[in-house]
Amino acid sequence: MGFSLIWFYLQLLLPEWMRNIHPDSDHFYRRKLTPAYKDRLRYAYRIWLGSVLLMIALPSPPVIIGLGLFTTFLSFSLLDEH
């Protein structure tokens, strides 16, 4: 009962373009549902995982900040294709 009520309220609040779950590479929201985007997201996740392991291995503030900023840049450039 509780979950269905929350789902009902979400359906009322969500705009129409967010309710459509068919992948479309040209749409700004539905491109996240395409297999190519999901592959790039997995790749970005692996980059972050390796970066965090390197941060743990070298616990120096300049290394952590520099690597975090560089990894953020890589993730944004990888995921933002258009």
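Please read all numbers here as calculations on a predicted model, not as lab measurements.
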Give a yes or no on whether Y45 and I47 share a hydrophobic cluster (residues Ile, Leu, Val, Met, Phe, Trp, Tyr; joining criterion: side-chain heavy atoms under 4.5 Å apart).
no
With a 3.5 Å cut-off and sequence neighbours excluded, list the donor-acceptor pairs that the side chains of residues 32-42 form with protein atoms.
residue, atom, partner, partner atom, Å
T34, OG1, R31, O, 2.8
T34, OG1, Y37, N, 3.4
D39, OD1, R42, NH2, 2.4
R40, NE, L78, O, 3.4
R40, NH1, E81, OE1, 2.8

Can you give me every donor-acceptor pair (side chain of residues 70-77, partner residue at least two apart or in another chain, under 3.5 Å) with its distance?
residue, atom, partner, partner atom, Å
T71, OG1, S51, OG, 3.0
T71, OG1, L67, O, 2.6
T72, OG1, G68, O, 2.7
S75, OG, W48, NE1, 2.6
S75, OG, T71, O, 3.0
S77, OG, F73, O, 3.1
S77, OG, L74, O, 3.0

Rounded to the nearest 0.5 Å, how far does CD1 of I64 lie from CG of L54?
10.0 Å
With sequence neighbours excluded, residues passing side chain to side chain contact (heavy atoms under 4.5 Å, CB included) with L12
F8, Y9
